[in-house]
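Have a look at the structure below before the remarks.
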Amino acid sequence: MHPLSAQEISHYNNTYFNPLEREIYRPGTHIHTSVRSFNMDALNTMLNVDSLLKDGLATPSGDLNFWQRIFHDDLLAWENKDVSIKINPLFNFSIGNEMNEGKGTWNNTRGVFIEGTLGNKFYFYTDFVENQSVFPNYIDDFVEQRKVVPGQGKSKSYGNNAHDYAQSTGFISFNPEKWFNIQLGQGKHFIGDGHRSLLLSDNSFSYPYLKFSADFNKFIIMLCGLNTVI
């Protein structure tokens, strides 16, 4: 059992890469899988999270260099008894091809996220990503018409046929008691067990919100005030 702290979140939200996915659906875990992102403190009380995340991974020993820190540890970290801060890069580089017209597509995303705890009741998270992309034609037509990238926000032209866009999110989380949590932030919510959110559009941009939640093991109560701009 681990002590409950300030609701650190799981960043493994994509089901294809989530090393926790098989375990959280086992009978008896009582994880509310349709409410994402997951509360890591709740997961730690039911699963050996460190063991699952590092299963099959060879972690270098001794002092790590710059590249080893990117792939195996936090790039920058500072911790003491009451405060912890971690800074890590975000990146996504990909290339593809539009089969009908032979159009080359690619994505170039660079960013950073910062997270940390203040005492045992406060947790904070913020990120920023800058993107340039050449989309398949069906997405490119949507962006050219509306000047908005689905799920990302406003776009401007970049080069001959690429788009430039950015996004930032962040929140501060407060646990006044063991089962209660309050979050104030700018971001998105995912409610559902599929690839699409059951109640909220995945095409919306990040929005400001205030969320209250109470987790009583087998039951979860959540109130969320949203101000959504599409």
Side-chain angles (χ1 to χ4, degrees), residues 7-18 34-40 70-71 74-76 85-96 98 104-116 123-173 181-192 194-211 213 222 224-230:
Q7 191 163 343
E8 184 175 354
I9 63 170
S10 168
H11 301 292
Y12 294 92
N13 293 326
N14 189 313
T15 55
Y16 288 107
F17 305 106
N18 191 343
S34 61
V35 179
R36 314 282 177 112
S37 300
F38 294 133
N39 181 340
M40 292 296 289
I70 288 180
F71 292 104
D74 297 305
L75 181 61
L76 298 173
I85 299 174
K86 300 175 183 179
I87 303 175
N88 287 291
L90 293 168
F91 48 85
N92 177 26
F93 307 116
S94 61
I95 58 174
E98 174 70 65
T105 62
W106 51 265
N107 181 75
N108 176 3
T109 296
R110 300 91 52 220
V112 62
F113 77 84
I114 304 172
E115 65 178 341
Y123 170 79
F124 65 89
Y125 172 88
T126 185
D127 63 39
F128 174 80
V129 290
E130 170 69 15
N131 314 269
Q132 287 87 40
S133 302
V134 173
F135 297 116
N137 288 336
Y138 73 98
I139 298 179
D140 193 62
D141 292 342
F142 180 97
V143 177
E144 286 293 338
Q145 180 180 357
R146 296 171 173 82
K147 304 301 179 184
V148 172
V149 178
Q152 296 293 324
K154 293 183 179 180
S155 168
K156 61 181 180 181
S157 298
Y158 179 81
N160 293 329
N161 59 349
H163 302 276
D164 186 286
Y165 53 101
Q167 168 129 246
S168 63
T169 68
F171 69 88
I172 185 166
S173 170
N181 178 258
I182 303 171
Q183 281 188 23
L184 175 65
Q186 166 93 1
K188 299 183 181 185
H189 292 82
F190 191 100
I191 301 175
H195 290 285
R196 296 286 184 183
S197 182
L198 176 65
L199 301 177
L200 300 172
S201 170
D202 293 296
N203 282 332
S204 63
F205 191 50
S206 295
Y207 43 77
Y209 66 86
L210 176 63
K211 182 172 74 173
S213 60
M222 185 173 67
C224 191
L226 307 176
N227 180 15
T228 306
V229 179
I230 299 177

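Values below: every heavy atom of this structure, side chains too, minus hydrogens, waters and symmetry copies. None of these values were measured; they are calculated from a predicted model.
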Practice prompt. Under the side chain to side chain donor-acceptor pair (under 3.5 Å) rule, collect the residues that match up with D127, sequence neighbours excluded.
Written response: Y125, T169

Discussion item. Is it true that, when you exclude F142 itself, more than 12 heavy atoms of the residues, nucleotides or ligands shown sit nearer than 6.0 Å to its CZ?
Written reply: yes

Discussion item. I'd like to check the salt bridge (charged side-chain N to carboxylate O under 4.0 Å, His left out) partners of K147; sequence neighbours left out, ordered by chain and number.
Written reply: E144

Item to complete: Apply the test side-chain contact (heavy atoms from CB on, under 4.5 Å) to residues F124 and I85: give CA-CA distance (whole Å), side-chain angles for both, the deciding distance (0.1 Å), then the verdict.
Response: CA-CA 9 Å; F124 65 89; I85 299 174; 4.1 Å; yes

Worksheet item: Is a side-chain donor or acceptor of E98 paired with a backbone partner of N137 at a separation under 3.5 angstrom?
Response: yes

Worksheet item: What are the two closest non-hydrogen atoms of Y165 and S155, and how far apart are they?
Response: CB-CA, 4.3 Å

Fill in: Distance, nearest 0.5 Å, that separates CG of D140 from CD of Q145
11.5 Å

Fill in: Worked verdict on T109 versus N107 for side chain to side chain donor-acceptor pair (under 3.5 Å)
CA-CA 6 Å; T109 296; N107 181 75; 2.9 Å; yes

Fill in: Taking every non-hydrogen atom, the tightest pair across P150 and I139
CD-CG2, 4.4 Å

Worksheet item: Run the side-chain contact (heavy atoms from CB on, under 4.5 Å) check on R110 and F93 step by step: do they pass?
Response: CA-CA 9 Å; R110 300 91 52 220; F93 307 116; 4.1 Å; yes

Discussion item. Looking at every heavy atom in both N181 and S173, which two are closest together, and how far apart are they?
Written reply: ND2-OG, 2.6 Å

Fill in: Worked check of side-chain contact (heavy atoms from CB on, under 4.5 Å) between I172 and I182
CA-CA 8 Å; I172 185 166; I182 303 171; over 6 Å; no

Worksheet item: What closest approach, in Å, do W106 and Q132 show between heavy atoms, and which atom pair accounts for it?
Response: CZ3-O, 3.3 Å

Item to complete: Begin with the C-alpha distance, continue with both residues' side-chain angles, and end with the deciding distance and a verdict on side-chain contact (heavy atoms from CB on, under 4.5 Å) for E130 and D164.
Response: CA-CA 8 Å; E130 170 69 15; D164 186 286; 2.9 Å; yes

Practice prompt. Tell me, please, which residues at least two apart from T126 pass side chain to side chain donor-acceptor pair (under 3.5 Å).
Written response: none

Practice prompt. For Q183 and Y209, work out which heavy atoms get closest and say how close.
Written response: OE1-OH, 3.2 Å

Practice prompt. Would you sort out whether N131 and H163 count as a side chain to side chain donor-acceptor pair (under 3.5 Å), showing the intermediate values?
Written response: CA-CA 8 Å; N131 314 269; H163 302 276; over 6 Å; no

Discussion item. One pair to check against side chain to side chain donor-acceptor pair (under 3.5 Å): Q167 and S206. What are the steps and the verdict?
Written reply: CA-CA 8 Å; Q167 168 129 246; S206 295; 2.4 Å; yes

Discussion item. For the CD1 atom of I87 and the CD atom of E115, what is their distance to the nearest 0.5 Å?
Written reply: 10.5 Å

Worksheet item: Looking at CG of N88 and CG of L75, how far apart are the two atoms once the value is rounded to the nearest 0.5 Å?
Response: 6.0 Å

Worksheet item: What is the ring orientation for Y123 with F171, classed by angle as parallel under 30°, tilted 30 to 60°, or perpendicular over 60°?
Response: tilted

